[in-house]
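Notes to accompany the following structure.
These numbers were taken from a predicted model, which means no experiment stands behind them.
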Amino acid sequence: MIRFFLRERISEKEFAEKRKITLDEVATATGISKNTLSRIQSTFGYNTTTDNLNKLCAYLGCSLAELVEYIPDEPPPPC
């Protein structure tokens, strides 16, 4: 499963810039619809495009590894 840290990265940007950032603002700045942003931050395993990931990393000033985490669905078989 893929886990997104969109909320956390937005919170860090808010803290650094000492202001509130809305999904509307992120949508306007990135060109990603507000509905898609909402799904990314609240739907487990949401499937988005690499273009959206690129835009979010650029806007948030973070690497892909800081925005996305891979969590295995099942534990690997024992060796």
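Put simply, CD1 on Ile21 and CD1 on Ile10 are 7.0 Å apart, with the number rounded to the nearest 0.5 Å. A distance of 9.5 Å separates NZ of Lys55 from OG1 of Thr48, quoted to the nearest 0.5 Å. To the nearest 0.5 Å, atoms CG (Leu53) and CD1 (Ile32) are separated by 8.0 Å. Lys13 contributes atom NZ, which lies 4.0 Å from atom CD of Glu17 (distance to the nearest 0.5 angstrom). Taking SG from Cys62 and CG from Leu67, the interatomic distance works out to 5.0 Å, rounded to the nearest 0.5 Å.
When side chains are defined from C-beta on, Leu56 counts as touching Leu37, because their heavy atoms get closer than 4.5 Å. Using a 4.5 Å cut-off on side-chain heavy atoms (C-beta onward), Thr36 and Lys34 make no contact. A 4.5 Å side-chain heavy-atom check between Val68 and Phe5 finds every atom pair outside the cut-off. Contact annotation: the side chain of Gln41 approaches that of Leu23 to within less than 4.5 Å [non-hydrogen atoms, C-beta and beyond]. By the 4.5 Å heavy-atom criterion applied to side chains, Met1 and Pro72 are not counted as neighbours.
Of all heavy-atom pairs between Ser42 and Ser38, the closest is OG-O, 2.6 Å. Contact detail for Tyr46 and Phe4: the closest heavy-atom pair is O-CE1, 3.3 Å. When all heavy atoms are compared, the tightest approach of Ile71 to Arg3 is CD1-CB, 3.9 Å. The two residues Ala27 and Ser33 have their closest heavy-atom pair at CB-C, 4.2 Å.
No salt bridge links Glu14 with Arg7; every basic N to acidic carboxylate O contact stays at or beyond 4.0 Å. Note on Glu66 versus Arg9: no salt bridge recorded, every NZ/NE/NH1/NH2 to OD/OE distance being 4.0 Å or above.
Under a hydrophobic-cluster definition in which Ile, Leu, Val, Met, Phe, Trp and Tyr are linked whenever side-chain heavy atoms come within less than 4.5 Å, directly or via other members, Tyr70 and Leu6 are assigned to the same cluster.
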